[in-house]
Amino acid sequence: MEGDIKQQLEAIIDGYDEWFECRRRRRANVLRSATLIVAVALCVGSAAWLMPQRSDTYVTGSLGCCTAEACSHVSVMLASL
């Protein structure tokens, strides 16, 4: 009778060990996932915050006076490649 109770208790304890191990793994996975989500959210948020404001044009003023200079600059850049 005593041996039977001892075996039953060992079986229960083994079941709890498995349950605790699964619970520990689940908690670790949830923590890892939450950390990853927060890290991605911070990266995306900081990238969006640091991006310059979009404007329709990057050049202001008259382009007629700068056309020759701009073409010359582009030609020099292409020649250096």
Side-chain angles (χ1 to χ4, degrees):
M1 183 76 177
E2 242 180 75
D4 189 36
I5 292 173
K6 199 172 196 178
Q7 287 176 347
Q8 288 178 357
L9 285 174
E10 286 178 4
I12 291 171
I13 290 170
D14 286 342
Y16 278 131
D17 285 344
E18 291 173 14
W19 182 80
F20 280 122
E21 182 61 27
C22 287
R23 184 177 174 195
R24 185 193 63 77
R25 273 187 267 140
R26 273 194 311 268
R27 282 187 175 180
N29 285 339
V30 166
L31 182 63
R32 196 176 305 120
S33 298
T35 303
L36 181 64
I37 289 169
V38 168
V40 168
L42 285 174
C43 288
V44 169
S46 63
W49 185 65
L50 294 173
M51 284 277 242
Q53 293 295 324
R54 183 173 172 249
S55 64
D56 291 336
T57 60
Y58 293 103
V59 178
T60 58
S62 173
L63 293 178
C65 66
C66 301
T67 306
E69 182 184 339
C71 288
S72 172
H73 186 65
V74 170
S75 298
V76 170
M77 287 175 50
L78 290 174
S80 67
L81 292 175

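All values reported here derive from a predicted model rather than from experimental measurement.
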Validation: residues 27-42 side-chain donor-acceptor distances under 3.5 Å, sequence neighbours left out:
unit_1, atom_1, unit_2, atom_2, d
N29, OD1, R32, NH1, 2.8
N29, ND2, R25, O, 3.4
S33, OG, N29, O, 2.9
T35, OG1, L31, O, 2.8

Whether F20 and Y16 hold their rings parallel, tilted or perpendicular, with breakpoints at 30° and 60°: tilted
Find the distance between CG (D4) and CG (L9) and round it off to the nearest 0.5 Å. 10.0 Å
Separation between CD of E18 and CG of D14, rounded to the nearest 0.5 Å: 7.0 Å
